Amino acid sequence: MRNRILEYFRKANGAFVSGQQISDDLQVSRTAIWKHIKILKERGYVFDSSTRKGYRLLHAPNLLTELEMQSVLATKSFGHKFVYRESLPSTNALAKEEARKGAPEGTVVVTEEQIAGRGRLQRGWFSPYAKGIWFSAILRPHFSPLEASKCTLMAAVAITRVLRAAGLTEAVIKWPNDILVGKRKLVGILTEMDATMEEINYIIMGIGINTDVARVDLPQELRDVATSLLLEGVRVSRKELFAQVLLELETLYFQVEKEGFAGVLEEWRKLSGTLGREINVISATGTFSGVAEDIDADGCLLVRTPDGVERVISGDVSIRNKEEN
Ligand code: BT5
């Protein structure tokens, strides 16, 4: 109901809307409308009211609440179950709890800030209030657990598509889970899974996108390694970008469930900033350098070294400067 009421004000575009008209159209009492407006005010919406003309919306909060997202979300199922918290330790942690309790595929957990945001291997993820999109999506795919790591590549392709369409044409994917502009990281992806040998119970795709992070917001250790849309000069509305990311993710995921990962891997190759480059690799089997040649059908990175081709299943890659060669 609250969203339907908000819809009137959005359509009016700052003009007055009569409470009587809303109450007639929606068949609820004037008092009920007034109560909903009171709750909206508590949530950061600012209204002007006039006894003769009704109400007009002066300001809607720039937050990723369900109410705000509903007006822009165009997905079939992703985000239809929407878990919003103003602050969380980590959206991946809450998404895991939700998944264990049986939350349906496409459930999205989102927050304005994470106080214990996580990267891979116990690393942290800096997630300041309302300066990025920090969210996790629950998937319950039918493919084998062996395919799961390719969900990271799928998410990277979906987000890069959106970033490029928003004007950030230099966004490239660094294997396996980063999106970079130049050498700086704009997006990080953390894919986690619960599975038996035979089937996947659930996958949590955790995604962090720096949108409005300014240089002064960044802790010292991230100043030379992180960037944001704001720092790259691309102005976007967080909620619209988030809606587009969910739509692209859903589209690619439905395609993968139907046709497999081949199309995603092909597009990944085109959007990659890693292939063809001299890289350093730190993996479970050791540290080495070589040229990133390709990814294989499992999404593993193939690196040409003087001793032959190394297949990297997981690890950290850094792209070498020309001077290092
Ligand atoms: C990642 O790990 O890049 C995965 C990040 C996933 C974050 C999302 S946010 C929503 C969801 N909930 C969570 O708790 N996490 C997910 P990794 O490749 O290990 O990179 C981590 C490294 O990136 C850190 O050690 C820092 O050097 C750097 N870093 C941390 N915060 C950053 C930020 N906001 N922007 C750019 N780089 C950052």
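As the structure is a computational prediction, the values presented were derived from the model and not from experiment. Numbering of ligands and ligand atoms starts at 1, following listing order.
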Around atom CZ of R223, are there more than 12 heavy atoms of other residues, nucleotides or ligands at under 6.0 Å? yes
Do F261 and F143 have ring centroids that are under 6.0 Å from one another? yes
Using the benzene-type ring in the case of Trp, are the ring centres of F242 and F135 under 6.0 Å apart? yes
I'd like to know if N92 contacts ligand 1, where contact means a heavy-atom distance under 4.0 Å to any ligand atom. yes
At a 4.0 Å cut-off, with the gap strictly under it, does some heavy atom of G124 reach an atom of ligand 1? yes
Checking a contact table here: which protein heavy atom is nearest [atom], and how many Å away?
{"atom": "atom 6 (C) of ligand 1", "answer": "R118 O, 3.5 Å"}
{"atom": "atom 1 (C) of ligand 1", "answer": "N177 ND2, 3.4 Å"}
{"atom": "atom 5 (C) of ligand 1", "answer": "W125 CE3, 3.5 Å"}
{"atom": "atom 23 (O) of ligand 1", "answer": "K185 NZ, 3.6 Å"}
{"atom": "atom 36 (C) of ligand 1", "answer": "A226 CB, 3.4 Å"}
{"atom": "atom 35 (N) of ligand 1", "answer": "N210 ND2, 2.8 Å"}
{"atom": "atom 25 (O) of ligand 1", "answer": "R123 CD, 3.5 Å"}
{"atom": "atom 11 (C) of ligand 1", "answer": "T91 OG1, 3.2 Å"}

Given L222, V213, V187, D316, which one has a non-hydrogen atom that is nearest to atom 29 (N) of ligand 1? L222
Looking only at N/O atoms, are F126 and ligand 1 under 3.5 Å apart anywhere? yes
Looking only at heavy atoms, the pair that brings G299 and L153 closest together is CA-CD1, 3.7 Å
Candidate pair T227 and E232, rule side chain to side chain donor-acceptor pair (under 3.5 Å), full reasoning: CA-CA 7 Å; T227 190; E232 298 300 329; 2.6 Å; yes
Taking 4.0 Å as the limit for heavy-atom contacts, which would you say applies to Q114 with ligand 1: side chain only, backbone only, both, or neither? side chain
Which bit of T227 is near ligand 1, meaning a heavy atom under 4.0 Å away: side chain, backbone, both or neither? neither
By number and element, which atoms of ligand 1 are closer than 4.0 Å to a non-hydrogen atom of G208? 8 (C), 9 (S)
Near G117, which atoms of ligand 1 are under 4.0 Å from a heavy atom of that residue? 14 (O)
Without hydrogens or angle criteria, can the side chains of E105 and Y202 be said to hold a donor-acceptor pair below 3.5 Å? no
Under 3.5 Å, is there a donor-acceptor pair between the D24 and Q20 side chains? yes
Can you tell me if T111 uses its side chain to pair, donor with acceptor, with the backbone of Q114 under 3.5 Å? no
Has D296 got a side-chain atom pairing as donor or acceptor with D298's backbone, closer than 3.5 angstrom? yes
Step by step, work out the side chain to side chain donor-acceptor pair (under 3.5 Å) result for T152 and N177. CA-CA 6 Å; T152 301; N177 67 322; over 6 Å; no
